[in-house]
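Inspection log for the structure reproduced underneath, given as structure tokens.
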Amino acid sequence: MINIILLGAPGAGKGTQANKLSNKYNLIHISTGDMIREEIKNNTIFGKRAKMFSDKGLLVPDELVIEIIKNKLYFVGGGYLFDGFPRNVKQAEAVDEIVKSKSIACPLIFYIDVSEDELIKRLTNRRYCPNCNKIYNLLNNIPRRDEICDFCGNNLIMRKDDVIEVIRKRLEVFCSETYPLLEYYSNSDKLYKIDGNSSENEVYNQLVSIIDDNIKK
Ligand code: AMP
């Protein structure tokens, strides 16, 4: 059973690719961003604390995020696809610990690399369905009816953290906290850099080809 980690800046397309890959390879999609948004929506104690950070484009403290990941993994088993986790070295160490303690296969790590201009263009045009989490983009992945989800008919919304000031903060945080993970994983023979500037399908095909090669090994 394979496990996957998707690394990339906000807007790199991790969520979109994670949805497709988890369907294709029957993996459990673990998106810390979605989990945090769900907690915020439900106004839980965790959600209230997390909101103070995520609204500002900051990372939610490691101990909170690692705790929700561990809780989730306690209840579900199988191949995992981590989307948006780890986000820094401390979280990467937590993943190493999980891999050891659950005796799961070392994850394939994909870094989806997208230029800053493209990230900003994608994020400011991103809309999402708060009901079924489907992601749209007003430039190239347009809903059939204006701002209405094709799948469940809910009104689409713009994420609170997709406004330009917060986007800039998130990109800053990515550079200082998450980008160094490339160094952390630099000795791994399972780290793959993918050019994420191309179309959704092209990126997907690149990912699938590497995953299939690894499955055959
Ligand atoms: P995302 O949907 O992955 O862009 O995440 C949205 C927000 O949730 C981030 O800006 C952070 O505030 C928070 N978040 C998501 N994943 C993590 C993580 N692994 N560690 C800390 N904060 C996170």
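For this chain, numbers begin at 1 and follow the sequence in order.
Minimum interatomic distance between Leu81 and Ala18 (heavy atoms only, all atoms of both residues): CD2-CB, 3.6 Å. Taking all atoms of both residues into account, the shortest heavy-atom contact from Ala9 to Leu171 is CB-CD2, 4.2 Å. For Ile135 against Asn141, the heavy-atom pair with the smallest separation is O-ND2, 3.3 Å. Closest approach of Val208 to Lys24, counting heavy atoms only: CG1-CE, 3.7 Å. Taking each heavy atom of Val95 and Pro86 in turn, the nearest pair found is CG2-CD, 4.0 Å. The two residues His29 and Gly15 have their closest heavy-atom pair at CE1-O, 4.3 Å.
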*Is there a side chain to side chain donor-acceptor pair (under 3.5 Å) between Lys20 and Asn201 once you walk through the steps?*
CA-CA 10 Å; Lys20 293 169 94 168; Asn201 276 341; 3.2 Å; yes

*Using the side chain to side chain contact (heavy atoms under 4.5 Å, CB included) rule, take Phe46 and Ile40 through it: C-alpha gap first, then chi angles, then the decisive distance, then the call.*
CA-CA 8 Å; Phe46 174 95; Ile40 293 176; over 6 Å; no

*Run the numbers on Tyr136 and Asp150 for side chain to side chain contact (heavy atoms under 4.5 Å, CB included), then give the verdict.*
CA-CA 10 Å; Tyr136 297 84; Asp150 292 347; 3.6 Å; yes

*Going through the checks in order, is the side chain to side chain contact (heavy atoms under 4.5 Å, CB included) test met by Asn71 and Leu73?*
CA-CA 6 Å; Asn71 283 342; Leu73 297 191; over 6 Å; no

*Passes side chain to side chain contact (heavy atoms under 4.5 Å, CB included), Lys72 versus Met35? Steps please.*
CA-CA 10 Å; Lys72 171 99 182 176; Met35 287 158 83; 3.8 Å; yes

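Looking at heavy atoms from C-beta onward, Asp96 lies in side-chain contact with Tyr184 at the 4.5 angstrom threshold. At least one side-chain heavy atom of Leu207 sits less than 4.5 Å from a side-chain heavy atom of Phe110. You'll find the side chain of Lys190 stays beyond 4.5 Å of the side chain of Ile4, heavy atoms only. Side-chain contact between Ile30 and Phe85: absent, with no pair of heavy atoms (C-beta onward) separated by less than 4.5 Å. The closest side-chain heavy-atom distance from Val203 to Ser198 is below 4.5 Å. Inter-residue side-chain proximity for Pro107 and Val99 is flagged as met; some heavy-atom pair is nearer than 4.5 Å. Counting only heavy atoms from C-beta outward, the side chains of Leu59 and Glu177 approach each other to under 4.5 Å. Here the side chains of Ile109 and Ser188 are in contact, with some heavy-atom distance below 4.5 Å.
With salt bridges taken as basic N to acidic carboxylate O contacts below 4.0 Å, none links Lys193 and Asp113. Contact check on Arg127 versus Glu147 returns a salt bridge, with a Lys/Arg side-chain nitrogen under 4.0 Å from an Asp/Glu carboxylate oxygen. The residues Glu172 and Lys169 are annotated as salt-bridged, a charged nitrogen and a carboxylate oxygen being separated by less than 4.0 angstrom. Taking 4.0 Å as the cut-off between side-chain N and carboxylate O, Arg170 and Asp161 count as a salt-bridged pair. Salt-bridge check for Glu118 with Lys121: passed, with a basic side-chain N closer than 4.0 Å to an acidic carboxylate O.
The backbone N or O of Gly33 lies less than 3.5 Å from no partner atom in the side chain of Glu38, so there is not a single donor-acceptor pair. One N or O on the side chain of Thr178 and one on the backbone of Arg87 form a donor-acceptor pair closer than 3.5 Å. In this structure, Asp195 contributes its side chain and Asn197 its backbone to a donor-acceptor pair below 3.5 Å.
Hydrophobic cluster membership differs between Ile5 and Ile210, with clusters built from Ile, Leu, Val, Met, Phe, Trp and Tyr side chains linked at under 4.5 angstrom. There is a path of hydrophobic side-chain contacts, each under 4.5 Å, that joins Leu191 to Leu181. Residues Tyr80 and Ile69 share a single hydrophobic cluster, defined by chaining ILVMFWY side chains whose heavy atoms lie under 4.5 Å apart. Each of Leu21 and Tyr111 belongs to its own hydrophobic cluster when Ile, Leu, Val, Met, Phe, Trp and Tyr are linked at side-chain heavy-atom distances under 4.5 angstrom.
Under the side-chain hydrogen bond (donor to acceptor under 3.5 Å, both in side chains) criterion, Asn125 pairs with no residue at all, not counting sequence neighbours. By the side-chain hydrogen bond (donor to acceptor under 3.5 Å, both in side chains) test, Tyr204 is found to be paired with no residue, residues two or more places apart in sequence or in another chain being considered. With sequence neighbours excluded, the residues that form a side-chain hydrogen bond (donor to acceptor under 3.5 Å, both in side chains) with Gln91 are Asp62.
Note: Phe174 and Tyr179 have perpendicular aromatic rings, judged against thresholds of 30 and 60 degrees for the angle between ring planes.
Thr16 OG1 to Asn137 CG: the interatomic distance, rounded to the nearest 0.5 Å, is 8.5 Å. Rounded to the nearest 0.5 angstrom, Ser54 OG and Lys160 NZ are separated by 9.0 Å. In this structure, SG in Cys149 is found 6.0 Å from CG in Leu156, a value given to the nearest 0.5 Å. Here the CD1-CG distance, from Ile112 to Leu7, works out to 8.5 Å after rounding to the nearest 0.5 Å. Taken to the nearest 0.5 Å, the OG atom of Ser22 stands 6.5 Å off from the CG atom of Leu27. Annotation: the span from Leu6 atom CG to Asp83 atom CG amounts to 6.0 Å, rounded to 0.5 Å.
Under 3.5 Å, the side chains of Asp212 and Tyr25 contain a donor-acceptor pair of N or O atoms. In this model, no donor atom of one side chain and acceptor atom of the other lie less than 3.5 Å apart for Asp34 and Tyr128. Side-chain atoms of Ser199 and Glu202 include a donor-acceptor pair closer than 3.5 Å.
Within a 6.0 Å sphere centred on CD of Glu63, heavy atoms belonging to other residues, nucleotides or ligands number more than 12.
Screening Ile157, Leu123, Thr124 for a side chain to side chain contact (heavy atoms under 4.5 Å, CB included) with Asp162, the sole residue that qualifies is Leu123.
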